[in-house]
Amino acid sequence: MSAFKSDFLRILSERGFIHQTSDDAGLDKLFATETVSAYIGFDPTASSLHAGGLIQIMMLHWMQQTGHRPVALMGGGTGMVGDPSFKDEARKLMTPETIQANIDGIKQVFSSYLTFGDGPRDALMVNNAEWLLPLNYLEFLRDVGQHFSVNRMLAFDSVKQRLDREQSLSFLEFNYMILQAYDFVELSKRYGVKLQMGGSDQWGNIVNGIDLGHRLRTPQLYALTSPLLTTSSGAKMGKSMNGAVWLNADMLSPYEFWQYWRNTEDADVGRFLKLYTTLPLDEIARLEKLGGSEINDAKKVLATEVTSMLHGRDAAQQAEETARKTFEEGAFADTLPTVEIGKADLEAGIGILALFVTAGLAGSNGEARRHVQGGAVRVNDAAVSDERRIITSADLTSEGVVKLSLGKKKHILVRPV
């Protein structure tokens with residue numbers, strides 16, 4: 001369908017969110033004529049989501065902005081099983097306590113993007129443990145399991161690829177797609193949800209829910225998936241050289257989050273501005289046209305806008321100012337990420353290689369040694385060429401810290417306590 005009439009689908013289409021829908025015309029008519037409730041599921045596999053999940057959160061954000069009701073489903077029940085979709089091996093099983101702690105951590109992020117409440121368009125956060133944990137197994141097999149064909153389930157790409165590689169798929173994991181389909185039906189019954197959204201790898205699971213809805217006589221249900229994003233060089237979204245780009249500030253500082261987006265590849269700037277910010281499309285088109293060194297200005301806008309939505313405008317501007325002082329003025333900025341070490345340890349002296357590992361700038365002494373040999377290591381902005389260099393309290397600056405730098409873009413302050 002070339003042009004959507006509803007604001008929600010038109011915005012999603014223009015900004016690059018739509019990979020596939022189950023019924024373009026039917027879904028467009030639904031959004032144009034009523035207040036729609038739609039959901040996306042989030043598995044609590046860690047105490048924070050990472051940047052790879054931002055595209056889903058932004059879809060919920062645009063739903064609410066265009067007058068509809070977003071539902072964020074926490075997988076408190078399905079998290080006990082683990083989604084096997086396109087995974088090489090089973091996820092480690094989590095205790096109910098771990099799952100709840102992870103859900104509590106994940107909840108912190110959503111209030112930055114959604115307004116929760118009791119109104120018809122206010123967002124909901126729901127936990128599928130509400131209906132999955134009390135299930136009677138035999139009744140569930142009889143009432144729901146009878147509608148699933150094992151032949152068809154084996155044909156789904158997410159399962160087929162795992163089996164083709166001769167990697168074990170447990171019966172527990174095999175049940176996941178049935179539980180996700182059941183979630184869709186329960187959300188339809190309990191909250192009037194008519195649409196499930198997710199990444200394109202969830203297409204089979206979502207369609208299963210639509211089929212189960214037909215068989216259990218729910219109103220017509222719909223599917224909408226977003227593309228699975230990688231950077232232009234093929235890197236997975238939400239991953240950096242230092243690991244996952246977490247959304248919770250206690251797991252990744254606003255400054256480091258800002259830096260992740262500032263380091264976006266040139267070819268991705270326009271696409272990411274459309275997906276991860278709410279800037280008008282004409283402003284994005286202007287930024288996309290910037291060439292040469294001016295593309296860096298567009299990257300700063302991207303970093304500041306994405307960081308503002310998550311951490312607030314003040315934190316984003318402080319991150320931008322820290323970066324400006326550090327990179328453009330070469331000045332000391334006390335808002336750089338900080339790692340604490342024992343005062344006695346610093347007085348006794350710490351090897352430069354071990355300190356870089358402690359600060360998270362290298363994964364091992366060997367990696368840190370290679371950085372020194374490559375000329376990438378600096379202490380208090382002075383190059384270090386001796387891998388046996390010992391850092392002591394004599395290296396503390398007037399601000400009472402030691403500044404470690406790896407290349408031009410990674411800086412950590414070591415603060416003795």
Side-chain angles (χ1 to χ4, degrees), residues 40-60 72 74-75 78-79 82-94 98-113 198-202 226-265 268 271-272 275-277 299 302-303 305-311 315-316 319 323 336-339 356-364 367 406-407 409-412:
I40 297 176
F42 298 89
D43 266 347
T45 52
S47 58
S48 171
L49 299 175
H50 59 67
L54 260 185
I55 186 171
Q56 312 299 340
I57 297 173
M58 288 300 295
M59 289 165 76
L60 294 176
M74 296 290 107
T78 42
D83 183 2
S85 298
F86 299 98
K87 304 290 186 298
D88 288 339
E89 58 185 23
R91 282 179 169 157
K92 292 179 181 177
L93 297 182
M94 297 181 291
T98 299
I99 291 171
Q100 187 57 52
N102 288 348
I103 289 173
D104 292 342
I106 289 169
K107 280 181 179 178
Q108 298 172 28
V109 165
F110 281 87
S111 58
S112 297
Y113 297 87
S200 58
D201 61 336
Q202 293 297 313
S226 60
L228 287 183
L229 285 186
T230 58
T231 65
S232 292
S233 62
K236 192 174 181 180
M237 282 300 298
K239 301 287 184 182
S240 72
M241 287 179 63
N242 292 336
V245 181
W246 300 111
L247 301 185
N248 287 24
D250 60 344
M251 295 178 69
L252 189 78
S253 71
Y255 171 78
E256 291 170 291
F257 185 77
W258 188 93
Q259 276 293 331
Y260 171 75
W261 297 99
R262 167 62 181 84
N263 293 333
T264 293
E265 296 169 35
D268 292 327
R271 184 167 59 124
F272 289 178
L275 291 171
Y276 298 113
T277 80
K299 291 180 183 181
L302 170 66
E305 291 302 314
V306 178
T307 306
S308 291
M309 288 197 75
L310 177 60
H311 295 299
L336 285 170
T338 302
V339 62
F356 259 63
V357 173
T358 299
L361 291 171
S364 66
E367 183 185 337
L406 178 62
K409 294 184 177 179
K410 293 182 181 177
H411 308 273
I412 295 281

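Since we're looking at a predicted model, the values are computed, not measured. Positions are given from 1 along the sequence.
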4.5 Å side-chain heavy-atom contact, [X] and [Y]:
{"X": "Leu310", "Y": "Tyr113", "answer": "yes"}
{"X": "Ile55", "Y": "Phe272", "answer": "no"}
{"X": "Met94", "Y": "Asn102", "answer": "yes"}
{"X": "Arg271", "Y": "Leu229", "answer": "yes"}

Residues in side chain to side chain contact (heavy atoms under 4.5 Å, CB included) contact with [X], at least two apart in sequence or another chain:
{"X": "Thr230", "result": "none"}
{"X": "Glu305", "result": "Thr277, Leu279, Val301, Arg313"}
{"X": "Glu265", "result": "Thr231, Ser232, Ser233, Asp268"}
{"X": "Ser48", "result": "Trp246, Leu247, Asn248, Met251"}

Could you state the interatomic distance from [atom1] ([X]) to [atom2] ([Y]), rounded to the nearest 0.5 Å?
{"X": "Leu302", "Y": "Trp258", "atom1": "CG", "atom2": "CH2", "result": "10.0 Å"}
{"X": "Ile57", "Y": "Leu49", "atom1": "CD1", "atom2": "CG", "result": "5.0 Å"}
{"X": "Lys410", "Y": "Phe356", "atom1": "NZ", "atom2": "CZ", "result": "11.0 Å"}

**Request:** Taking all non-hydrogen atoms of both residues into account, name the closest pair between Ala319 and Pro254 and its distance.
**Result:** CB-O, 4.1 Å
**Heavy-atom closest pair, residues His50 and Met237** = CE1-O, 4.1 Å
**Ring geometry between Trp261 and Tyr276 (parallel below 30°, tilted from 30 to 60°, perpendicular above 60°)** =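 It falls in the tilted class, 30° to 60°.
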**Request:** Return the set of residues passing side-chain hydrogen bond (donor to acceptor under 3.5 Å, both in side chains) with Ser226 (not counting sequence neighbours), or none when no residue passes.
**Result:**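 Residues passing side-chain hydrogen bond (donor to acceptor under 3.5 Å, both in side chains) with Ser226: Gln56.
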**Request:** Apply side-chain hydrogen bond (donor to acceptor under 3.5 Å, both in side chains) to Ser47 and list each qualifying residue two or more places apart in sequence or on a separate chain.
**Result:** none
